[in-house]
Amino acid sequence: MPYPTLLSPLTLGRTTLPNRVLMGSMHTGLEELGDWNRVATFYARRAQGGVGLMVTGGMAPNREGGVFPGAAGLYTAADIANHRTVTTRVHEAGGRIAMQILHAGRYAYGRDCVSASALKSPISPFAPRALDEAGIEAQITAMVTAATRAQEAGYDGVEVMGSEGYFLNQFLAPHTNHRTDAWGGSAENRMRLPVEVVRRIRAAVGPDFLLIYRISLIDLVPNGQSWDDIATLARAIQSAGADALNSGIGWHEARVPTIATSVPRAAFAWLTARLRCEVTIPVIASNRINTPEVAEAILAGGQADMVSMARPFLADPDFVAKAASGRATEIAPCIACNQACLDHTFAGKLTSCLVNPAACHEAEFTAPQTPPKRIAVVGAGPAGLACAITAATRGHQVTLFDKAPVGGQLNLARQVPGKEEFTTLVDWYHTMLARTGVTLRPQTATQADLAGYDQVVIATGVTPRDPALPGQERALSYIDVLNGAPVGNRVAIIGAGGIGFDVAEFLTQTAPSPTLDPALWRREWGIGDPAETPGGLTPPTPEPPARQVWLLQRKAEKPGRALGKTTGWIHRAALQAKGVLMLGGVSYDTITDQGLTITRNGIPELLPVDTVVLCAGQLPERSLADALLAIGLTPHVIGGADRAGELDAKRAIDQGTRLALTF
Ligand code: NAP
Ligand code: SF4
């Protein structure tokens, strides 16, 4: 059997699961739409895919504990009926689902937020109210009531969110708990609240209801919990009646990446392994686990009893079914980009997935069966690939033309240290082209080649924008650089968009990529050991930069403002650590043998660089599309060939997939 440990049963409390895969909690935004059938469809689809257990997005136990005003919760008995729609559909699909109880504490985006002490978080504009004794009792009661309502709604259990810097974690860490009463001070007092919550929930729901506690294994904030605190808490939570401990890593305000694509796979499993030595109940590993191989290695290596994966179930609801049936290479990979999931959440948009735009939009991505057609797709970048594979899956006969390697600009992205996951995506496209029977023609398509097809799709991508700078014949394009062209020791990058940042990382990192070397990565970001420093932070010791880089843009704003909400800060911090000089408000004068002359604040300045790299955006590559239009044909134009501004793989894949569903 493939993945023998991962796919073996596991008993949590009195519940036996068919495998050791947990779909971790994710905020999708579906619950807030109020269409509970849609919520049910999302979870039922994942239950069909064979996942052992799912945990819902965090449900607030009361208004002050909601992550934002209007956040979904089990506020009143009337909410139970909505949740029952979900549990019924999941059980009909053969799955199991637990509800997460999430009290946000000072992370709640509202004036009514409460916490251990009146200390504002750096990521919230609202200072919390410090709870008095009666206030604490009221919060405990609300969480217990949420658990009993979850039980009434048909859930198989609850997960109590005690990590990521939320309410319970705020009581646990001296960083946020400055109390001097029975709920603060000593470790015993700080852990009183979470232990009491677990004890009273167990007493209220009885022994059969699954109770998971998500424990923070490394806070990654100053003055966080020590390992002694964490281990003592784990044992107390076990004694209070929890059936399993899930791993929480880092607070939301931590300035250390914990789930982004540049985080090494399974980077924090060592902490779960250590937790496993402290308790006898099963422990669950989490964070940057995205393939069955990685999951199996964690379990077979004795680091955990179960693995939690969340975003991978947006990318592919059939993760477990494919792993179990020997089709693991067909699992659409989560590349941990956050572009369509977490970045959407923070922008108040519904979650989806860059790789799988049907995630959370299941109903929009179904189409009636149609007679097979002959379809030509020109361009094997993300838009063309998504279109070709989706059309072929629907039974159409698809020919995909591209002289360049399959993957388009994904092949450039994968060269960048920290973006190695893009290779996984390109590999998946290769697998799926073969699996769906797309005919690949490694050539430039001519008008003549495209005759006789029922539908022609032009996905020819982009060409770099020509900034027309004096002396730019001396400059290199980002394509040359990412493909390995020699570059000097002092480099100016013109353009500080996503690609400018990528090129800066490419040029300042030395091999190996920290993403592929966890010990190096921990040193780069200052991740220590909570057994040595409470909170687990240590001074970062980044490797020296490979070269001096200036990253420039004409806009006066801070470079990198348009990068992803949840990842932009990581890119900026990584470049700062490498001493990259990021300058806005620049105008470019000329490139000479002496370097690049710019003007800033009206003052000309020579940057003494050996190499200038152009990353000045892109324009649509429409020559073939225009030629076809000129002879009266009506091709479909998608991806960068359609719109290059703000182009990213997310839009390209979404557009290509949706088009294929219309054939
Ligand atoms: P971009 O984000 O549009 O950035 C283009 C840069 O070029 C800007 O800094 C712009 O700044 C500058 N520029 C524009 N016209 C110029 C001109 N005529 N002369 C000089 N500079 C000029 O484009 P990109 O960096 O090529 O990235 C393309 C897309 O790929 C992005 O939109 C993104 O979606 C995706 N991508 C994202 C990431 C990521 O998020 N990490 C990474 C790679 C790619 P000024 O106009 O201020 O000078
Ligand atoms: Fe993973 Fe990116 Fe999809 Fe989010 S959008 S689930 S991070 S691939």
Side-chain angles (χ1 to χ4, degrees), residues 26 28 259-263 288 290 309-317 319 332-345 351-360 382 408-410 412-416 418-419 421-422 424-425 428 461-469 472 475 477-479 482 493-506 551-568 570-572 574-575 582-588 598 612-619 640 643-654:
M26 283 179 284
T28 62
I259 59 166
T261 191
S262 56
V263 175
R288 284 294 281 119
N290 66 340
M309 293 178 266
R311 297 170 296 172
F313 285 94
L314 295 175
D316 198 331
F319 186 103
C334 166
I335 56 171
C337 64
N338 287 354
Q339 276 178 252
C341 51
L342 277 173
D343 283 346
H344 276 207
T345 302
T351 286
S352 187
C353 174
L354 175 141
V355 172
N356 173 27
C360 298
Q409 297 234 346
L410 298 176
L412 294 178
R414 63 196 274 205
Q415 307 303 328
V416 177
K419 291 205 161 178
E421 288 290 359
F422 282 81
T424 326
L425 183 55
W428 179 73
V462 293
T463 48
R465 175 185 285 126
D466 175 2
L469 302 178
Q472 76 173 29
S477 113
Y478 66 88
I479 299 174
L482 292 173
I493 298 174
I494 290 184
I499 291 179
F501 268 75
D502 275 358
V503 168
E505 291 201 35
F506 178 82
L551 180 58
L552 311 169
Q553 72 179 22
R554 298 171 304 175
K555 286 185 284 293
E557 68 189 33
K558 190 166 74 172
R561 247 189 67 183
L563 297 177
K565 173 90 178 152
T566 62
T567 50
I570 302 173
H571 295 297
R572 285 192 294 272
L575 294 191
M582 295 179 242
L583 305 180
V586 166
S587 66
Y588 308 108
I598 59 170
V612 175
V613 185
L614 302 177
C615 303
Q618 358 264 326
L619 298 173
R643 246 172 52 201
E646 302 285 310
L647 173 75
D648 60 38
K650 178 181 74 172
R651 188 168 64 76
I653 292 169
D654 183 84

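Computed from a predicted model, the values in this text were never measured in an experiment. Order of listing sets the numbers, starting from 1, for every ligand and every atom in it.
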*Asks:* When you measure from atom 8 (S) of ligand 2 to every protein heavy atom, which one gives the shortest distance, and what is it?
*Replies:* Ile335 N, 3.4 Å
*Asks:* I'd like to know whether ligand 1 has His571 as a neighbour, heavy-atom separation below 4.0 Å.
*Replies:* yes
*Asks:* Is there side-chain contact between Ile479 and Pro464, with heavy atoms separated by less than 4.5 Å?
*Replies:* yes
*Asks:* When you look for heavy atoms under 4.0 Å from ligand 1, do you find them on the side chain of Arg465, its backbone, both, or neither?
*Replies:* side chain
*Asks:* Under a 4.0 angstrom heavy-atom cut-off, which atoms of ligand 1 come close to Gly495?
*Replies:* 6 (C), 7 (O), 9 (O), 12 (C)
*Asks:* Can you measure from CG (Asn290) to CZ (Arg311) and round to the nearest 0.5 angstrom?
*Replies:* 8.5 Å
*Asks:* State the atoms of ligand 1, each with its element, that fall below the 4.0 Å cut-off from a heavy-atom position in Gly617.
*Replies:* 5 (C), 7 (O), 23 (O), 26 (O)
*Asks:* Check Pro333 against Val355 and note the closest heavy-atom contact, atom names and distance.
*Replies:* O-CG2, 3.4 Å
*Asks:* Let me check your reading of the structure: within less than 2.8 Å of atom 2 (Fe) of ligand 2, is there an N/O/S atom from Cys353?
*Replies:* no
*Asks:* Can you check which of Cys337, Ser587, Pro467 brings a heavy atom nearest to atom 19 (N) of ligand 1?
*Replies:* Pro467
*Asks:* Under 4.0 Å from a heavy atom of Tyr588: give me the atoms of ligand 1 that qualify, with their elements.
*Replies:* 20 (C)
*Asks:* Please tell me whether Thr566 and Asn338 have a donor and an acceptor in their side chains that are separated by less than 3.5 angstrom.
*Replies:* yes
*Asks:* Can you tell me if Tyr478 has a non-hydrogen atom under 4.0 Å from ligand 1?
*Replies:* no
*Asks:* Once rounded to the nearest 0.5 Å, what's the spacing between atom CZ of Arg561 and atom CZ of Arg572?
*Replies:* 9.5 Å
*Asks:* Are side-chain heavy atoms of Leu575 and Met582 found at a separation under 4.5 Å?
*Replies:* yes
*Asks:* Using 0.5 Å steps for rounding, measure from the NE2 atom of His571 to the OG atom of Ser262.
*Replies:* 7.0 Å
*Asks:* Can you figure out which of Gly564, Ala496, Gly498, Pro464 has its heavy atom closest to atom 36 (N) of ligand 1?
*Replies:* Gly498
*Asks:* With heavy atoms under 4.0 Å as the rule, classify the contact between Ile499 and ligand 1 as side chain, backbone, both or neither.
*Replies:* both
*Asks:* Tell me the nearest of Cys615, Pro559, Ala468 to atom 6 (C) of ligand 1, using heavy-atom distances.
*Replies:* Cys615
*Asks:* Measure the shortest side-chain to side-chain distance between Val416 and Leu482 over non-hydrogen atoms and say whether it is less than 4.5 angstrom.
*Replies:* yes
*Asks:* Counting only heavy atoms closer than 4.0 Å, does ligand 1 sit against the backbone of Ala562, its side chain, both, or neither?
*Replies:* neither
*Asks:* How far apart are the closest heavy atoms of Arg465 and Ala616, and which atoms are they?
*Replies:* NH1-O, 2.7 Å
*Asks:* As an exercise, identify every atom of ligand 2 less than 4.0 angstrom from a heavy atom of Cys341.
*Replies:* 4 (Fe), 5 (S), 6 (S), 7 (S)
*Asks:* Out of Gly500, Gly497, Gly585, Ala644, who gets a non-hydrogen atom closest to atom 8 (C) of ligand 1?
*Replies:* Gly497
*Asks:* Arg311 heavy atoms, cut-off 4.0 Å: which ligand 2 atoms fall inside?
*Replies:* 1 (Fe), 6 (S), 7 (S)
*Asks:* Show me which atoms of ligand 2 lie under 4.0 Å from any heavy atom of Leu354.
*Replies:* 3 (Fe), 5 (S)
*Asks:* Less than 4.5 Å apart, side chain to side chain, heavy atoms only: is that true for Lys419 and Glu505?
*Replies:* no
*Asks:* What residue and heavy atom of the protein are closest to atom 1 (Fe) of ligand 2, and at what distance?
*Replies:* Cys334 SG, 2.4 Å
*Asks:* Pick, from Arg651, Lys555, Gln409, the option with the minimum heavy-atom distance to atom 45 (P) of ligand 1.
*Replies:* Lys555
*Asks:* Measure the shortest side-chain to side-chain distance between Gln472 and Ile494 over non-hydrogen atoms and say whether it is less than 4.5 angstrom.
*Replies:* no
*Asks:* Side chain or backbone of Ala336 under 4.0 Å from ligand 2, or both, or neither, by non-hydrogen atoms?
*Replies:* backbone
*Asks:* Can you sort out which atoms of ligand 1 are near Gln618, meaning under 4.0 Å from one of its heavy atoms?
*Replies:* 24 (P), 26 (O), 27 (O), 28 (C)
*Asks:* Could you check whether any side-chain heavy atom of Cys334 comes within less than 4.5 Å of a side-chain heavy atom of Leu314, counting everything from C-beta outward?
*Replies:* no
*Asks:* Considering only non-hydrogen protein atoms, determine which one is nearest to atom 2 (Fe) of ligand 2 and report residue, atom name and distance to 0.1 Å.
*Replies:* Cys337 SG, 2.4 Å
*Asks:* Could you tell me whether Lys419 approaches ligand 1 through its side chain, its backbone, both or neither, with non-hydrogen atoms closer than 4.0 Å?
*Replies:* side chain
*Asks:* Quick one: pull up CD1 in Ile493 and CG in Asp502 and give me the separation to the nearest 0.5 Å.
*Replies:* 9.5 Å
*Asks:* Working to the nearest 0.5 angstrom, can you tell me the gap between Cys360 SG and His344 NE2?
*Replies:* 10.5 Å
